[in-house]
Amino acid sequence: MSKVKTVKGTREFYPEQMFLRNFIFDKVRAASQMFGYQEWDGPFIETIDLYAAKSGEELVKKQSFTFEDRGGELVTLRPELTPSLARMIAEKQNELTYPVRWWSFGPFWRYEQPQKGRSREFFQWNIDMLGVNSPEADAELIAVGATFLRSVGLSPERALIYVNNRRLMDSEFDALGISQEKRLDVSNLVDRRTKMESTKWDAYGLEIGLSQTQLAGLKDILGNFDLWKKSDELTRLFAALEVLGVKDYVKFDPNIMRGLLYYTGTVFEAFDTSGSLKRAIFGGGRYDNLLADVGGQPLSGVGFAMGDVVIGIILQEAGLLPEFEPSPAQVLVTVFNESLWLESYRLAAELRINGLNVLVFPEPAKLPKQFKFADKMKMKVAVTVGPDEAEKGLAAVKNLSNGNQIIVKREAVANEIRKLLEA
RNA sequence: GAGCCUGUAGCUCAACGGCAGAGCGCCACACUGUGGCUGUGGAUGUUGUGGGUUCGAAACCCAUCAGGCUCCCCA
(Lines give C-alpha, C1' and ligand atoms only; values in the text may rest on other atoms or scores of the structure.)
Protein backbone atom coordinates (compact mmCIF):
# COMPACT_ATOMS: atom_id res chain seq x y z
CA MET A 1 0.00 0.00 0.00
CA SER A 2 1.27 3.42 -0.88
CA LYS A 3 2.45 5.69 1.87
CA VAL A 4 1.55 8.76 -0.10
CA LYS A 5 -2.05 9.46 0.79
CA THR A 6 -4.76 11.15 -1.16
CA VAL A 7 -5.89 14.60 -0.14
CA LYS A 8 -8.73 14.26 2.36
CA GLY A 9 -12.16 14.18 0.77
CA THR A 10 -10.89 13.69 -2.78
CA ARG A 11 -12.03 10.72 -4.81
CA GLU A 12 -10.24 8.11 -6.88
CA PHE A 13 -12.20 6.79 -9.81
CA TYR A 14 -11.22 3.21 -10.57
CA PRO A 15 -12.88 1.94 -13.78
CA GLU A 16 -15.91 0.71 -11.85
CA GLN A 17 -16.50 4.13 -10.24
CA MET A 18 -15.73 5.85 -13.51
CA PHE A 19 -18.49 3.77 -15.04
CA LEU A 20 -20.94 5.07 -12.42
CA ARG A 21 -19.78 8.66 -12.96
CA ASN A 22 -20.21 8.35 -16.70
CA PHE A 23 -23.57 6.64 -16.28
CA ILE A 24 -24.81 9.66 -14.34
CA PHE A 25 -23.17 12.03 -16.82
CA ASP A 26 -24.88 10.25 -19.75
CA LYS A 27 -28.31 10.47 -18.11
CA VAL A 28 -27.73 14.12 -17.21
CA ARG A 29 -26.76 14.91 -20.78
CA ALA A 30 -29.76 13.04 -22.17
CA ALA A 31 -32.27 14.79 -19.89
CA SER A 32 -30.73 18.20 -20.60
CA GLN A 33 -30.67 17.76 -24.34
CA MET A 34 -34.18 16.34 -24.43
CA PHE A 35 -35.34 19.81 -23.41
CA GLY A 36 -32.97 21.62 -25.76
CA TYR A 37 -30.37 22.88 -23.27
CA GLN A 38 -26.85 23.74 -24.46
CA GLU A 39 -23.74 22.44 -22.70
CA TRP A 40 -21.30 25.01 -21.33
CA ASP A 41 -18.71 25.40 -18.58
CA GLY A 42 -16.86 28.05 -16.60
CA PRO A 43 -13.36 28.20 -15.10
CA PHE A 44 -12.49 25.73 -12.34
CA ILE A 45 -10.55 28.46 -10.53
CA GLU A 46 -12.03 31.87 -9.75
CA THR A 47 -11.06 34.87 -7.66
CA ILE A 48 -12.53 34.88 -4.18
CA ASP A 49 -14.30 38.18 -4.96
CA LEU A 50 -16.73 36.43 -7.26
CA TYR A 51 -18.17 34.50 -4.33
CA ALA A 52 -17.77 37.21 -1.72
CA ALA A 53 -20.52 39.18 -3.46
CA LYS A 54 -23.43 36.85 -3.08
CA SER A 55 -22.56 33.46 -1.69
CA GLY A 56 -23.02 32.89 2.00
CA GLU A 57 -20.31 33.91 4.40
CA GLU A 58 -20.02 30.33 5.61
CA LEU A 59 -19.17 29.16 2.12
CA VAL A 60 -16.50 31.74 1.41
CA LYS A 61 -14.77 31.79 4.77
CA LYS A 62 -15.00 28.19 5.91
CA GLN A 63 -15.88 25.94 3.03
CA SER A 64 -13.78 27.10 0.13
CA PHE A 65 -10.38 25.91 -1.06
CA THR A 66 -8.76 29.32 -1.20
CA PHE A 67 -5.08 30.07 -1.70
CA GLU A 68 -2.71 32.75 -2.91
CA ASP A 69 -1.37 32.20 -6.41
CA ARG A 70 2.21 33.09 -7.37
CA GLY A 71 1.11 36.57 -8.32
CA GLY A 72 -0.32 37.19 -4.87
CA GLU A 73 -3.97 37.02 -5.87
CA LEU A 74 -6.47 35.15 -3.73
CA VAL A 75 -8.05 32.43 -5.86
CA THR A 76 -10.43 29.62 -5.01
CA LEU A 77 -11.42 26.28 -6.46
CA ARG A 78 -15.01 26.88 -7.48
CA PRO A 79 -17.51 25.79 -4.79
CA GLU A 80 -20.52 26.45 -7.02
CA LEU A 81 -21.27 27.49 -10.58
CA THR A 82 -24.02 30.09 -10.36
CA PRO A 83 -21.74 33.14 -9.83
CA SER A 84 -19.66 32.13 -12.87
CA LEU A 85 -22.89 31.74 -14.83
CA ALA A 86 -24.04 35.20 -13.77
CA ARG A 87 -20.75 36.78 -14.84
CA MET A 88 -20.60 34.99 -18.18
CA ILE A 89 -24.19 35.95 -18.95
CA ALA A 90 -23.54 39.55 -17.93
CA GLU A 91 -20.43 39.75 -20.14
CA LYS A 92 -22.46 38.94 -23.24
CA GLN A 93 -25.84 40.02 -22.01
CA ASN A 94 -26.72 41.88 -25.20
CA GLU A 95 -25.52 39.28 -27.68
CA LEU A 96 -27.10 36.13 -26.29
CA THR A 97 -30.28 34.63 -27.71
CA TYR A 98 -32.94 34.41 -25.05
CA PRO A 99 -34.16 32.42 -23.35
CA VAL A 100 -30.76 31.02 -22.51
CA ARG A 101 -30.99 27.33 -21.67
CA TRP A 102 -27.62 26.05 -20.43
CA TRP A 103 -26.42 22.96 -18.60
CA SER A 104 -23.07 21.83 -17.24
CA PHE A 105 -21.51 18.84 -15.49
CA GLY A 106 -18.14 19.43 -13.88
CA PRO A 107 -15.98 19.29 -10.75
CA PHE A 108 -16.45 21.43 -7.65
CA TRP A 109 -14.67 21.66 -4.31
CA ARG A 110 -15.88 22.46 -0.83
CA TYR A 111 -13.90 22.20 2.36
CA GLU A 112 -16.40 20.18 4.39
CA GLN A 113 -16.30 17.22 6.75
CA PRO A 114 -16.39 14.19 4.44
CA GLN A 115 -19.12 11.70 5.29
CA LYS A 116 -21.71 9.61 3.54
CA GLY A 117 -23.05 11.59 0.61
CA ARG A 118 -20.55 14.37 1.05
CA SER A 119 -16.95 14.75 -0.10
CA ARG A 120 -14.64 17.70 -0.65
CA GLU A 121 -14.44 17.05 -4.37
CA PHE A 122 -17.56 16.28 -6.33
CA PHE A 123 -19.23 16.64 -9.68
CA GLN A 124 -22.31 18.72 -10.10
CA TRP A 125 -24.98 19.05 -12.72
CA ASN A 126 -26.13 22.64 -13.13
CA ILE A 127 -28.99 23.57 -15.40
CA ASP A 128 -30.58 26.97 -15.81
CA MET A 129 -33.00 28.95 -17.95
CA LEU A 130 -32.54 32.73 -18.05
CA GLY A 131 -34.64 35.45 -19.56
CA VAL A 132 -38.09 34.12 -18.80
CA ASN A 133 -39.97 34.76 -15.60
CA SER A 134 -43.00 32.51 -15.38
CA PRO A 135 -44.29 29.55 -13.37
CA GLU A 136 -44.35 27.64 -16.66
CA ALA A 137 -40.60 28.11 -17.02
CA ASP A 138 -40.18 26.91 -13.41
CA ALA A 139 -42.26 23.87 -14.33
CA GLU A 140 -39.95 23.09 -17.24
CA LEU A 141 -36.91 22.93 -14.97
CA ILE A 142 -38.75 20.70 -12.52
CA ALA A 143 -39.77 18.53 -15.48
CA VAL A 144 -36.12 18.23 -16.52
CA GLY A 145 -35.31 17.02 -13.02
CA ALA A 146 -38.22 14.59 -13.01
CA THR A 147 -37.20 13.31 -16.45
CA PHE A 148 -33.76 12.61 -15.10
CA LEU A 149 -35.16 10.73 -12.08
CA ARG A 150 -37.35 8.67 -14.36
CA SER A 151 -34.48 7.95 -16.76
CA VAL A 152 -32.32 6.43 -14.01
CA GLY A 153 -35.20 4.25 -12.86
CA LEU A 154 -36.32 6.21 -9.79
CA SER A 155 -40.11 6.10 -9.77
CA PRO A 156 -42.30 8.59 -7.87
CA GLU A 157 -42.61 5.92 -5.14
CA ARG A 158 -38.87 6.18 -4.71
CA ALA A 159 -38.06 9.85 -5.30
CA LEU A 160 -40.09 13.05 -5.04
CA ILE A 161 -39.57 16.72 -5.78
CA TYR A 162 -40.92 18.98 -3.04
CA VAL A 163 -41.94 22.46 -4.10
CA ASN A 164 -42.59 25.71 -2.29
CA ASN A 165 -42.65 29.41 -3.14
CA ARG A 166 -40.74 32.15 -1.40
CA ARG A 167 -43.28 34.85 -2.28
CA LEU A 168 -46.10 32.76 -0.85
CA MET A 169 -44.18 32.24 2.36
CA ASP A 170 -43.28 35.92 2.54
CA SER A 171 -46.91 36.94 2.35
CA GLU A 172 -47.79 34.37 5.01
CA PHE A 173 -45.00 35.69 7.22
CA ASP A 174 -46.27 39.23 6.59
CA ALA A 175 -49.71 38.17 7.74
CA LEU A 176 -48.15 36.88 10.96
CA GLY A 177 -46.35 40.16 11.44
CA ILE A 178 -42.90 38.60 11.25
CA SER A 179 -40.45 41.37 10.43
CA GLN A 180 -38.09 41.35 7.45
CA GLU A 181 -35.05 41.18 9.74
CA LYS A 182 -36.27 37.93 11.22
CA ARG A 183 -36.86 36.20 7.89
CA LEU A 184 -33.40 34.62 7.71
CA ASP A 185 -33.72 33.26 11.25
CA VAL A 186 -37.19 31.97 10.50
CA SER A 187 -35.90 30.34 7.34
CA ASN A 188 -33.25 28.55 9.42
CA LEU A 189 -35.92 27.58 11.91
CA VAL A 190 -38.05 26.02 9.19
CA ASP A 191 -35.07 24.13 7.75
CA ARG A 192 -34.48 22.63 11.14
CA ARG A 193 -38.01 21.46 11.79
CA THR A 194 -37.53 17.83 10.82
CA LYS A 195 -34.20 17.61 12.61
CA MET A 196 -35.19 18.89 16.07
CA GLU A 197 -37.51 17.64 18.75
CA SER A 198 -40.67 19.71 18.75
CA THR A 199 -40.16 21.14 22.25
CA LYS A 200 -36.62 22.21 21.39
CA TRP A 201 -37.85 23.60 18.11
CA ASP A 202 -40.48 25.67 19.94
CA ALA A 203 -37.84 26.99 22.33
CA TYR A 204 -35.60 27.90 19.40
CA GLY A 205 -38.51 29.73 17.77
CA LEU A 206 -39.08 31.83 20.87
CA GLU A 207 -35.34 32.39 21.17
CA ILE A 208 -35.14 34.08 17.79
CA GLY A 209 -37.88 36.42 18.93
CA LEU A 210 -41.14 34.96 17.75
CA SER A 211 -44.22 35.44 19.92
CA GLN A 212 -46.37 32.51 21.01
CA THR A 213 -49.04 33.47 18.47
CA GLN A 214 -46.49 33.84 15.70
CA LEU A 215 -45.04 30.44 16.53
CA ALA A 216 -48.50 28.86 16.52
CA GLY A 217 -49.29 30.58 13.23
CA LEU A 218 -46.02 29.37 11.74
CA LYS A 219 -46.86 25.78 12.70
CA ASP A 220 -50.26 26.14 11.04
CA ILE A 221 -48.59 27.31 7.83
CA LEU A 222 -46.01 24.52 7.85
CA GLY A 223 -48.70 21.92 8.39
CA ASN A 224 -50.98 23.23 5.66
CA PHE A 225 -50.32 21.22 2.50
CA ASP A 226 -53.14 22.97 0.65
CA LEU A 227 -51.50 26.34 1.10
CA TRP A 228 -50.37 26.35 -2.55
CA LYS A 229 -53.97 26.98 -3.62
CA LYS A 230 -53.58 30.52 -2.29
CA SER A 231 -50.70 31.11 -4.71
CA ASP A 232 -51.44 31.96 -8.33
CA GLU A 233 -47.85 31.07 -9.24
CA LEU A 234 -48.05 27.62 -7.70
CA THR A 235 -51.48 26.97 -9.18
CA ARG A 236 -50.08 27.70 -12.64
CA LEU A 237 -46.95 25.69 -11.84
CA PHE A 238 -48.94 22.56 -11.00
CA ALA A 239 -51.13 22.96 -14.07
CA ALA A 240 -48.00 23.06 -16.25
CA LEU A 241 -46.46 20.09 -14.45
CA GLU A 242 -49.58 18.08 -15.15
CA VAL A 243 -49.48 18.58 -18.91
CA LEU A 244 -45.71 18.03 -18.90
CA GLY A 245 -46.49 14.58 -17.54
CA VAL A 246 -44.44 14.78 -14.36
CA LYS A 247 -46.99 15.74 -11.73
CA ASP A 248 -46.59 12.38 -9.97
CA TYR A 249 -43.07 13.38 -9.06
CA VAL A 250 -44.00 16.70 -7.46
CA LYS A 251 -45.55 17.56 -4.11
CA PHE A 252 -46.15 20.90 -2.45
CA ASP A 253 -44.33 21.20 0.89
CA PRO A 254 -44.32 24.45 2.89
CA ASN A 255 -41.27 23.24 4.84
CA ILE A 256 -38.95 23.57 1.84
CA MET A 257 -37.13 26.88 2.22
CA ARG A 258 -33.54 26.46 0.94
CA GLY A 259 -30.80 28.42 2.58
CA LEU A 260 -29.79 30.47 -0.39
CA LEU A 261 -30.55 34.12 -0.10
CA TYR A 262 -30.94 34.70 -3.80
CA TYR A 263 -34.04 32.61 -4.37
CA THR A 264 -37.11 34.79 -4.88
CA GLY A 265 -39.96 32.59 -6.12
CA THR A 266 -40.38 28.88 -6.68
CA VAL A 267 -37.98 26.67 -4.72
CA PHE A 268 -37.70 22.89 -4.93
CA GLU A 269 -35.71 19.93 -3.63
CA ALA A 270 -35.72 16.27 -4.65
CA PHE A 271 -35.40 13.52 -2.05
CA ASP A 272 -35.08 9.77 -2.01
CA THR A 273 -38.15 8.72 -0.04
CA SER A 274 -37.11 5.21 0.97
CA GLY A 275 -33.32 4.95 1.06
CA SER A 276 -30.82 5.36 3.87
CA LEU A 277 -29.79 8.82 2.77
CA LYS A 278 -31.77 11.84 3.91
CA ARG A 279 -29.90 14.35 1.79
CA ALA A 280 -31.33 16.27 -1.12
CA ILE A 281 -30.69 14.73 -4.54
CA PHE A 282 -30.96 18.11 -6.21
CA GLY A 283 -32.28 21.52 -5.33
CA GLY A 284 -32.96 24.82 -6.98
CA GLY A 285 -35.40 27.58 -7.66
CA ARG A 286 -36.06 30.96 -9.20
CA TYR A 287 -33.69 33.86 -8.70
CA ASP A 288 -34.39 37.37 -9.94
CA ASN A 289 -31.46 39.55 -9.03
CA LEU A 290 -28.37 37.51 -9.59
CA LEU A 291 -26.85 39.51 -12.44
CA ALA A 292 -26.94 42.85 -10.66
CA ASP A 293 -24.06 41.78 -8.41
CA VAL A 294 -21.73 41.17 -11.34
CA GLY A 295 -22.65 44.34 -13.17
CA GLY A 296 -25.42 43.13 -15.45
CA GLN A 297 -28.93 44.34 -16.08
CA PRO A 298 -31.67 42.60 -14.09
CA LEU A 299 -32.43 39.20 -15.57
CA SER A 300 -34.60 36.50 -14.09
CA GLY A 301 -33.60 32.87 -14.08
CA VAL A 302 -34.50 29.47 -12.75
CA GLY A 303 -32.28 26.46 -12.26
CA PHE A 304 -31.08 23.67 -10.05
CA ALA A 305 -27.96 21.74 -9.14
CA MET A 306 -27.36 18.07 -8.44
CA GLY A 307 -24.21 16.55 -6.91
CA ASP A 308 -22.99 13.19 -8.17
CA VAL A 309 -22.32 11.71 -4.74
CA VAL A 310 -25.84 11.42 -3.30
CA ILE A 311 -27.47 10.23 -6.51
CA GLY A 312 -24.63 7.71 -6.98
CA ILE A 313 -25.23 6.18 -3.55
CA ILE A 314 -28.98 6.06 -4.11
CA LEU A 315 -28.64 4.34 -7.48
CA GLN A 316 -26.25 1.80 -6.03
CA GLU A 317 -28.43 1.05 -3.02
CA ALA A 318 -31.53 0.77 -5.19
CA GLY A 319 -29.76 -1.64 -7.54
CA LEU A 320 -30.51 0.59 -10.50
CA LEU A 321 -27.11 0.48 -12.12
CA PRO A 322 -26.57 -1.58 -15.27
CA GLU A 323 -23.95 -4.30 -14.97
CA PHE A 324 -20.43 -2.99 -15.20
CA GLU A 325 -18.64 -4.18 -18.32
CA PRO A 326 -14.94 -4.17 -17.49
CA SER A 327 -13.71 -4.36 -21.07
CA PRO A 328 -14.89 -1.98 -23.77
CA ALA A 329 -13.89 -4.74 -26.17
CA GLN A 330 -16.12 -7.79 -26.29
CA VAL A 331 -13.70 -9.77 -28.43
CA LEU A 332 -10.46 -11.38 -27.28
CA VAL A 333 -7.86 -12.64 -29.74
CA THR A 334 -5.66 -15.18 -27.99
CA VAL A 335 -1.96 -15.66 -28.66
CA PHE A 336 -1.33 -19.35 -29.20
CA ASN A 337 2.44 -19.41 -29.03
CA GLU A 338 5.47 -17.31 -29.79
CA SER A 339 5.59 -18.10 -33.52
CA LEU A 340 1.88 -17.21 -33.96
CA TRP A 341 2.11 -14.12 -31.76
CA LEU A 342 2.23 -11.62 -34.62
CA GLU A 343 -0.37 -13.59 -36.54
CA SER A 344 -2.79 -12.86 -33.70
CA TYR A 345 -1.83 -9.20 -33.79
CA ARG A 346 -2.48 -9.19 -37.53
CA LEU A 347 -5.92 -10.78 -37.05
CA ALA A 348 -6.81 -8.29 -34.32
CA ALA A 349 -5.90 -5.41 -36.62
CA GLU A 350 -8.09 -6.87 -39.39
CA LEU A 351 -11.03 -7.09 -37.02
CA ARG A 352 -10.54 -3.50 -35.84
CA ILE A 353 -10.54 -2.32 -39.46
CA ASN A 354 -13.89 -4.10 -39.66
CA GLY A 355 -15.19 -1.88 -36.88
CA LEU A 356 -14.91 -4.25 -33.93
CA ASN A 357 -13.45 -3.42 -30.53
CA VAL A 358 -10.79 -6.06 -30.08
CA LEU A 359 -8.42 -6.84 -27.25
CA VAL A 360 -5.47 -9.07 -28.10
CA PHE A 361 -3.69 -10.94 -25.32
CA PRO A 362 -0.35 -9.19 -25.10
CA GLU A 363 1.90 -12.27 -25.01
CA PRO A 364 1.87 -16.02 -25.46
CA ALA A 365 0.45 -17.68 -22.36
CA LYS A 366 -1.35 -20.89 -21.56
CA LEU A 367 -4.76 -20.84 -23.16
CA PRO A 368 -6.62 -21.50 -19.89
CA LYS A 369 -5.06 -18.36 -18.52
CA GLN A 370 -6.14 -16.36 -21.55
CA PHE A 371 -9.70 -17.67 -21.38
CA LYS A 372 -9.90 -16.94 -17.66
CA PHE A 373 -8.82 -13.42 -18.42
CA ALA A 374 -11.63 -13.13 -21.00
CA ASP A 375 -14.10 -14.36 -18.35
CA LYS A 376 -13.00 -11.86 -15.76
CA MET A 377 -13.27 -9.08 -18.27
CA LYS A 378 -16.76 -10.38 -19.13
CA MET A 379 -15.91 -10.65 -22.81
CA LYS A 380 -18.29 -12.37 -25.21
CA VAL A 381 -16.12 -13.89 -27.92
CA ALA A 382 -12.64 -15.43 -28.14
CA VAL A 383 -10.80 -15.97 -31.39
CA THR A 384 -7.88 -18.38 -31.58
CA VAL A 385 -5.44 -19.06 -34.40
CA GLY A 386 -3.45 -22.19 -33.65
CA PRO A 387 -1.04 -24.06 -35.95
CA ASP A 388 -3.89 -26.02 -37.61
CA GLU A 389 -5.92 -22.91 -38.40
CA ALA A 390 -2.91 -20.85 -39.48
CA GLU A 391 -1.91 -23.48 -42.00
CA LYS A 392 -5.33 -23.47 -43.67
CA GLY A 393 -6.20 -19.79 -43.37
CA LEU A 394 -8.83 -20.40 -40.70
CA ALA A 395 -9.66 -19.14 -37.20
CA ALA A 396 -11.56 -20.63 -34.26
CA VAL A 397 -14.39 -18.38 -33.07
CA LYS A 398 -15.76 -19.27 -29.65
CA ASN A 399 -18.95 -18.00 -28.09
CA LEU A 400 -17.94 -17.55 -24.47
CA SER A 401 -21.45 -17.48 -23.09
CA ASN A 402 -22.35 -21.01 -24.26
CA GLY A 403 -18.97 -22.54 -25.10
CA ASN A 404 -19.74 -23.27 -28.74
CA GLN A 405 -16.82 -22.94 -31.09
CA ILE A 406 -16.79 -22.94 -34.85
CA ILE A 407 -13.91 -22.89 -37.32
CA VAL A 408 -14.34 -20.35 -40.11
CA LYS A 409 -12.29 -18.81 -42.89
CA ARG A 410 -10.26 -15.77 -41.95
CA GLU A 411 -12.37 -13.51 -44.19
CA ALA A 412 -15.55 -14.64 -42.41
CA VAL A 413 -14.34 -14.06 -38.84
CA ALA A 414 -15.59 -10.49 -38.49
CA ASN A 415 -19.08 -11.35 -39.69
CA GLU A 416 -19.21 -14.42 -37.49
CA ILE A 417 -18.30 -12.33 -34.45
CA ARG A 418 -20.89 -9.73 -35.34
CA LYS A 419 -23.57 -12.42 -35.48
CA LEU A 420 -22.61 -13.62 -32.00
CA LEU A 421 -22.57 -10.10 -30.55
CA GLU A 422 -25.96 -9.26 -31.99
CA ALA A 423 -27.59 -12.47 -30.76
C1' G B 1 -15.19 23.83 14.64
C1' A B 2 -17.71 19.99 18.60
C1' G B 3 -19.41 14.97 20.38
C1' C B 4 -19.67 9.60 19.73
C1' C B 5 -18.18 4.97 17.05
C1' U B 6 -14.66 2.25 13.97
C1' G B 7 -9.60 0.87 11.91
C1' U B 8 -6.68 -6.88 11.92
C1' A B 9 -4.57 -10.58 4.83
C1' G B 10 -6.65 -7.80 -1.66
C1' C B 11 -12.22 -7.90 0.36
C1' U B 12 -15.79 -9.17 4.54
C1' C B 13 -14.85 -10.17 9.37
C1' A B 14 -13.08 -13.42 13.94
C1' A B 15 -9.64 -13.62 17.95
C1' C B 16 -11.03 -9.06 23.17
C1' G B 17 -4.28 -9.35 28.00
C1' G B 18 -1.25 -15.31 26.57
C1' C B 19 1.19 -19.14 19.44
C1' A B 20 -2.91 -13.61 14.45
C1' G B 21 -7.25 -16.94 12.14
C1' A B 22 -11.70 -18.09 8.78
C1' G B 23 -14.61 -17.34 4.35
C1' C B 24 -14.25 -15.17 -0.32
C1' G B 25 -10.62 -13.63 -3.79
C1' C B 26 -5.54 -14.55 -5.75
C1' C B 27 -1.55 -18.07 -7.67
C1' A B 28 -0.10 -23.16 -9.08
C1' C B 29 -1.41 -28.09 -10.34
C1' A B 30 -5.12 -32.06 -11.76
C1' C B 31 -6.33 -30.18 -17.41
C1' U B 32 1.14 -29.17 -21.80
C1' G B 33 -5.32 -26.76 -28.26
C1' U B 34 -9.74 -23.65 -24.69
C1' G B 35 -12.79 -20.30 -19.57
C1' G B 36 -17.12 -20.79 -15.97
C1' C B 37 -17.82 -26.23 -12.15
C1' U B 38 -14.94 -29.44 -8.86
C1' G B 39 -10.65 -31.12 -6.11
C1' U B 40 -5.63 -30.61 -4.07
C1' G B 41 -1.75 -27.52 -2.69
C1' G B 42 0.42 -22.47 -2.00
C1' A B 43 1.46 -17.20 -1.03
C1' U B 44 -0.06 -12.84 1.70
C1' G B 45 0.09 -9.11 7.79
C1' U B 46 5.39 -4.14 11.01
C1' U B 47 -3.07 -5.71 13.66
C1' G B 48 -3.69 2.55 10.37
C1' U B 49 0.71 5.37 12.50
C1' G B 50 3.68 7.03 16.90
C1' G B 51 4.34 6.67 22.00
C1' G B 52 2.96 4.60 26.98
C1' U B 53 1.19 0.69 30.76
C1' U B 54 2.50 -4.69 31.30
C1' C B 55 6.53 -10.50 32.32
C1' G B 56 3.50 -10.29 27.84
C1' A B 57 -0.70 -5.60 23.80
C1' A B 58 -4.44 -6.63 17.91
C1' A B 59 -6.90 -5.96 22.76
C1' C B 60 -5.80 -1.24 28.03
C1' C B 61 -4.14 4.38 28.06
C1' C B 62 -2.49 8.95 25.26
C1' A B 63 -1.59 11.32 20.69
C1' U B 64 -2.15 11.36 15.49
C1' C B 65 -4.15 9.98 10.66
C1' A B 66 -8.27 7.97 7.99
C1' G B 67 -13.45 6.50 7.66
C1' G B 68 -18.60 6.47 9.63
C1' C B 69 -22.85 8.72 12.51
C1' U B 70 -24.62 13.30 14.70
C1' C B 71 -24.33 18.70 15.60
C1' C B 72 -22.94 22.86 12.46
C1' C B 73 -23.48 23.97 7.33
C1' C B 74 -25.65 22.77 2.76
C1' A B 75 -24.36 28.46 -1.32
Side-chain angles (χ1 to χ4, degrees), chain A residues 1-11 14 50-64 76 78-86 108-120 122 124 126 184 187-188 191-192 195-197 200 256-263 267 269 276-285 287 290 293 303-307 309-310 313 332-337 340 361 364-390 395-405 407:
Chain A
M1 204 178 292
S2 171
K3 288 202 166 155
V4 182
K5 287 180 254 180
T6 56
V7 173
K8 183 172 181 170
T10 58
R11 296 151 77 202
Y14 287 85
L50 179 68
Y51 305 101
K54 196 70 181 182
S55 305
E57 191 176 319
E58 174 84 16
L59 172 62
V60 178
K61 288 194 177 155
K62 290 170 72 183
Q63 297 195 342
S64 65
T76 183
R78 62 182 189 182
E80 59 166 332
L81 190 61
T82 308
S84 303
L85 170 68
F108 295 85
W109 294 265
R110 288 181 197 173
Y111 199 83
E112 306 192 76
Q113 284 311 312
Q115 51 185 265
K116 194 176 187 184
R118 200 163 66 179
S119 60
R120 289 184 174 179
F122 54 96
Q124 199 174 66
N126 282 267
L184 186 59
S187 166
N188 276 331
D191 274 342
R192 227 162 280 199
K195 292 175 186 168
M196 285 175 103
E197 291 172 39
K200 282 188 181 173
I256 298 295
M257 289 297 283
R258 296 194 58 71
L260 262 183
L261 299 174
Y262 55 65
Y263 290 119
V267 288
E269 276 181 351
S276 67
L277 220 50
K278 292 298 165 225
R279 295 182 185 281
I281 298 172
F282 58 74
Y287 45 86
L290 211 60
D293 297 300
F304 68 85
M306 177 187 81
V309 182
V310 170
I313 291 169
L332 172 76
V333 174
T334 61
V335 174
F336 191 87
N337 59 30
L340 287 167
F361 207 82
K366 288 180 179 175
L367 285 179
K369 186 173 177 181
Q370 300 190 42
F371 275 81
K372 276 179 186 169
F373 174 84
D375 270 340
K376 275 183 219 152
M377 298 300 272
K378 298 209 168 80
M379 302 176 82
K380 305 281 193 298
V381 178
V383 185
T384 304
V385 178
D388 299 344
E389 290 87 3
V397 177
K398 184 164 186 173
N399 180 341
L400 290 175
S401 40
N402 61 17
N404 295 340
Q405 178 168 283
I407 312 288

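Numbers restart at 1 for each chain; the letters A, B, ... are given by sequence-line order, proteins then strands.
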A/I407/A/E389 under side-chain contact (heavy atoms from CB on, under 4.5 Å): CA gap, chis, key distance, verdict: CA-CA 8 Å; A/I407 312 288; A/E389 290 87 3; 3.8 Å; yes

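The CH2 atom of A/W109 lies 6.5 Å from the CZ atom of A/R78; values are rounded to the nearest 0.5 Å. Note that the CD atom of A/E80 and the CG atom of A/L85 stand 10.5 Å from one another [nearest 0.5 Å].
Between B/G56 and B/G41, the two P atoms lie 39 Å apart (nearest whole Å). Atom name C1', nucleotides B/A9 and B/G3: the rounded distance is 33 Å, in whole Å. Rounded to a whole angstrom, the distance from the C1' atom of B/G1 to that of B/A58 is 32 Å. Between B/G10 and B/G33, the two C1' atoms lie 33 Å apart (nearest whole Å). Across B/U8 and B/G50, the matching P atoms stand 15 Å from one another, rounded to whole Å. Rounded to whole Å, the separation between the P atoms of B/G21 and B/G42 comes to 14 Å. Straight-line distance between the C1' atoms of B/C16 and B/C61: roughly 16 Å, to the nearest whole Å.
The side-chain hydrogen bond (donor to acceptor under 3.5 Å, both in side chains) test applied to A/N337 returns A/S339, not counting sequence neighbours. For A/N404, the side chain to side chain contact (heavy atoms under 4.5 Å, CB included) partners at least two apart in sequence or on another chain are A/N402. Evaluation of the salt bridge (Lys or Arg N to Asp or Glu O under 4.0 Å) rule for A/R11 yields A/D308 as partners, not counting sequence neighbours.
Under the 30°/60° scheme for interplanar angles, the aromatic rings of A/F122 and A/F108 are found to lie parallel.
Nearest approach of A/A280 to A/V310, heavy atoms of both residues: O-CG1, 3.9 Å. A/K8 approaches A/R120 most closely through the heavy-atom pair O-CD, 3.4 Å. Heavy atoms only, all atoms of each residue included: A/A395 and A/V385 are closest at CB-CG2, 4.0 Å.
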Pairing string, 5' to 3', for RNA chain B - Watson-Crick or wobble contacts under 3.5 Å, brackets [ ] where pairs cross, | to another strand: (((((((..((((....[..)))).(((((.......))))).....(((((..]....))))))))))))....

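Residue contacts for A/G117: at a heavy-atom cut-off of 4.0 Å it reaches no nucleic acid atom on any strand shown.
Using a distance-only test at 3.5 Å, with no hydrogens or angles considered, a donor-acceptor pair links the side chain of A/Q370 to the main chain of A/A365.
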Reading 5' to 3' through nucleotides 33-40 of chain B, protein heavy-atom contacts under 4.0 Å coded B for base, S for sugar-phosphate only, - for none: BBBB----

Protein-nucleotides 63-65 of chain B N/O pairs under 3.5 Å:
| residue | atom | partner | partner atom | Å |
| --- | --- | --- | --- | --- |
| B/C65 | O2' | A/K5 | NZ | 2.8 |

